[in-house]
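Taking it in order: structure first as structure tokens, then the write-up.
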There are 2 protein chains.
Amino acid sequence: MDVDTRLLRSFLAVAEEGSLTRAAERVFVSQPALTKQIRQLETQLGVRLFERSRAGMALTGPGRELARRAPKVLAAWDDALRTTRAADRQASRVLRVGFLASAANEATQEIVAAFARRRPGWRTELRQAAWTNPSAGLATGDVDAALLRLPFQGQEALRVEPLFSEPRWVALPAAHPLAARDTIAFRDLWDEPFVAAPQETGAWRDHWLAADEREGHPVRVGAVTEQPDDWLNAIANGYGIALAPQSAARFYARPGVVYRPVTGVSPTQVGVAWAPADDRNPVVQDFVRCCLDLARPA
Amino acid sequence: MDVDTRLLRSFLAVAEEGSLTRAAERVFVSQPALTKQIRQLETQLGVRLFERSRAGMALTGPGRELARRAPKVLAAWDDALRTTRAADRQASRVLRVGFLASAANEATQEIVAAFARRRPGWRTELRQAAWTNPSAGLATGDVDAALLRLPFQGQEALRVEPLFSEPRWVALPAAHPLAARDTIAFRDLWDEPFVAAPQETGAWRDHWLAADEREGHPVRVGAVTEQPDDWLNAIANGYGIALAPQSAARFYARPGVVYRPVTGVSPTQVGVAWAPADDRNPVVQDFVRCCLDLARPA
DNA sequence: CTGCATCTATAACCTGGTGGAATGGATGTC
DNA sequence: GACATCCATTCCACCAGGTTATAGATGCAG
């Protein structure tokens with residue numbers, strides 16, 4: 001008997017949500033499609049997995065059993081997938097580097113160039129991750145190394161080397177009264193609405209709201225965005241302002257958005273991270289060396 | 001990224017056979033279908049898994065990686081499947097009992113009847129297994145208990161209680177010269193062609209050929225069959241003769257086939273088997289008790 | 001050199017499974 | 001009694017996947 005792991009994911013979604021309708025939107029299919037998927041799984045197994053009722057879908061005994069084992073199947077597959085893809089990158093001499101938008105700056109380009117010199121024949125593949133992915137894919141094995149702002153969620157399970165730090169500036173709508181100033185004190189921004197990262201990014205969100213440098217003053221959130229484009233739009237459209245690394249002034253310049261230095265707020269730090277499994281991977285270590293050489297020239 | 005476990009099985013077949021053509025017949029699809037399956041897997045992963053050549057299919061580095069992990073995925077799924085189905089039988093109060101054709105006799109019916117009395121509300125489901133399945137599905141968790149001839153392959157990993165033994169008779173075509181006799185000495189059968197079980201059944205096949213009770217005399221195999229029906233046909237059509245338990249004379253009577261007692265060959269033994277995991281399963285243990293009570297009345 | 005065997009890849013065709021939109025039916029809720 | 005909220009069903013369009021037949025590459029034997 002075979003299954004598509006997709007059916008297992010759907011099954012787990014329904015099991016967790018207790019409802020076809022809610023699970024359907026979670027896995028991005030229509031509700032009738034999910035109805036059929038579940039029915040298909042049940043007939044393939046020859047086992048009734050849910051009790052249907054007006055209230056929703058409740059797991060049966062055997063259903064609970066499956067719900068307990070299915071995650072192991074998915075984990076085994078995800079692991080196989082990651083390993084295989086990593087081996088493929090190795091074989092085709094591709095180093096995949098993840099980064100969060102905020103870590104982008106001139107150094108990135110220089111690092112890539114330095115690595116290209118040190119490892120001729122190798123290609124670097126830069127992958128920008130959404131802010132909801134705090135390790136930029138490193139935790140899931142999607143990338144071999146990552147350039148990130150420190151600290152980030154899940155940092156403990158990874159290797160991290162800090163590279164350099166950078167002042168935090170503020171991004172404002174061009175029409176904002178404070179945009180007229182050359183320099184802005186952070187306390188003058190306390191009452192401004194901020195464009196923030198999603199709730200689930202935790203410490204990262206707080207870092208860019210400088211939540212712990214407001215002397216207890218509450219944060220006003222004017223908009224929540226997940227990507228640089230949304231973020232810039234939100235600012236340009238006046239939903240709020242936001243702290244940003246100084247280099248954003250160069251890398252995320254856009255009409256309607258201006259950047260100004262801020263005093264009274266600590267700088268931010270960029271680091272390079274890799275998985276412990278690659279501690280002895282010469283290619284990854286070469287990349288790390290390139291990062292360190294540029295950040296702390298001998 | 002999702003997969004159908006079917007693709008993984010196909011992939012492993014190709015990896016092991018090193019050839020699409022051979023793997024295709026092993027998994028019972030056409031060779032073009034396998035070509036497409038492998039290609040599909042490769043494009044889904046975005047990874048080249050095989051080097052193609054006139055000689056066949058050779059795993060790439062990433063392919064080897066996948067070949068090492070895929071079995072874990074399949075094992076996890078098979079485990080989930082078994083557990084879920086077992087839970088379902090428990091919930092619907094069904095005890096599934098596997099048996100090999102040779103173990104069928106009056107006792108089976110009595111055992112089932114006794115179990116029905118001891119566990120009202122429970123239903124017994126008898127499942128006949130092919131001879132190529134020496135534990136009648138017990139090893140794979142398809143059944144909760146099994147009635148088998150001893151010894152059988154894989155017996156060490158299971159619990160077994162011997163029940164009773166029975167003389168071995170011989171099944172002959174009605175027209176066979178020896179059919180005229182009332183009793184036949186086994187040595188008179190040494191040169192006869194036998195209808196045998198498939199090669200892969202190992203000790204089981206040898207047991208019914210009485211291979212080690214021929215004083216070194218070689219076995220002649222006239223036909224190979226996997227199921228009782230084929231077996232009876234082969235005998236009736238004169239492809240050969242075969243040893244069988246005495247009870248087969250009653251349970252597998254058929255025009256054109258006669259059964260006669262045989263001297264000079266040891267008896268055969270029936271046992272009940274269950275999985276160690278069910279050592280404390282009261283229902284399975286009740287069934288075992290029923291078997292023992294009938295086989296060794298107090 | 002030629003025919004044959006043995007690989008995989010491709011083409012053409014057919015079927016059935018799968019998803020989406022709309023709708024039905026049952027059942028609580030205000 | 002209108003409404004909201006579930007899941008089930010219907011209808012339709014589409015593509016994935018299978019099969020057979022065949023092509024193309026290459027080694028081998030006579």
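Quick caveat: nothing in here was measured; it's all calculated off a predicted structure. Chain letters run A, B, ... following the sequence lines, proteins first and then strands; every chain starts at 1.
The side chain of A:Arg39 places an N or O atom within less than 4.0 Å of a non-bridging phosphate oxygen (OP1 or OP2) of D:dT9. Taking only side-chain nitrogens and oxygens, B:Arg6 comes nearer than 4.0 Å to OP1 or OP2 of D:dG18. Within the structure, every side-chain polar atom (N or O) of A:Arg52 is placed at least 4.0 Å from both OP1 and OP2 of D:dC6. Distances shown here put every side-chain N or O of A:Arg22 at or beyond 4.0 Å from the OP1 or OP2 atom of D:dC7.
Comment: A:Asp142 does not engage A:Arg96 in a salt bridge, judged by the lack of any side-chain N to carboxylate O separation of less than 4.0 angstrom. One finds a salt bridge joining A:Asp79 and B:Arg69 here, because a Lys/Arg side-chain nitrogen approaches an Asp/Glu carboxylate oxygen to under 4.0 Å.
Nearest-nucleotide positions on DNA chain D for A:Ser53 and B:Ala33 put A:Ser53 closer to the 5' end.
In this structure, CD of A:Gln37 is placed 14 Å from P of D:dA8, rounded to the nearest angstrom. Look at CG on A:Leu20: it is 15 Å from C1' on C:dG19, rounded to the nearest Å. When rounded to the nearest whole Å, the span between CG of B:Leu7 and P of D:dG17 equals 7 Å. For the pair A:Asp2 CG and D:dG17 C1', the computed distance is 14 Å after rounding to whole Å. Atom CG of B:Leu41 is separated from atom C1' of D:dA16 by 15 Å (rounded to the nearest Å). Rounded to an integer number of Å, the gap from B:Phe50 CZ to C:dA9 P is 11 Å. Taking atom CG of B:Leu34 as the reference point, atom C1' of D:dG17 lies 12 Å away to the nearest angstrom. The nearest whole Å value for the distance from the CE atom in A:Met57 to the C1' atom in D:dT5 is 15 Å.
Between B:Phe194 and B:Tyr239, the ring centre distance reaches or exceeds 6.0 Å.
You'll find that the side chain of A:Gln31 is closest to D:dA8, out of C:dC7, C:dG19, D:dA8. Of the candidates D:dG18, C:dA11, C:dG19, C:dA11 carries the atom nearest the B:Pro32 side chain, counting heavy atoms from C-beta on. For B:Val29, whose side chain is taken as the heavy atoms from C-beta onward, the closest listed nucleotide among D:dC6, C:dA9, D:dT19 is D:dT19. Side-chain atoms of B:Thr35 lie closest to C:dA9 of the nucleotides D:dA8, D:dC6, C:dA9.
Open room surrounds CZ on A:Arg127; 12 or fewer heavy atoms of other groups in view lie less than 6.0 Å from it. More than 12 heavy atoms of other residues, nucleotides or ligands lie within 6.0 Å of CZ in A:Arg254, so this atom counts as buried by the packing criterion.
As judged by a 4.0 angstrom heavy-atom cut-off over every strand, B:Gln40 is placed among residues touching the sugar-phosphate backbone only.
Applying the 3.5 Å distance criterion, the base of D:dG18 shares a donor-acceptor pair with the side chain of B:Lys36.
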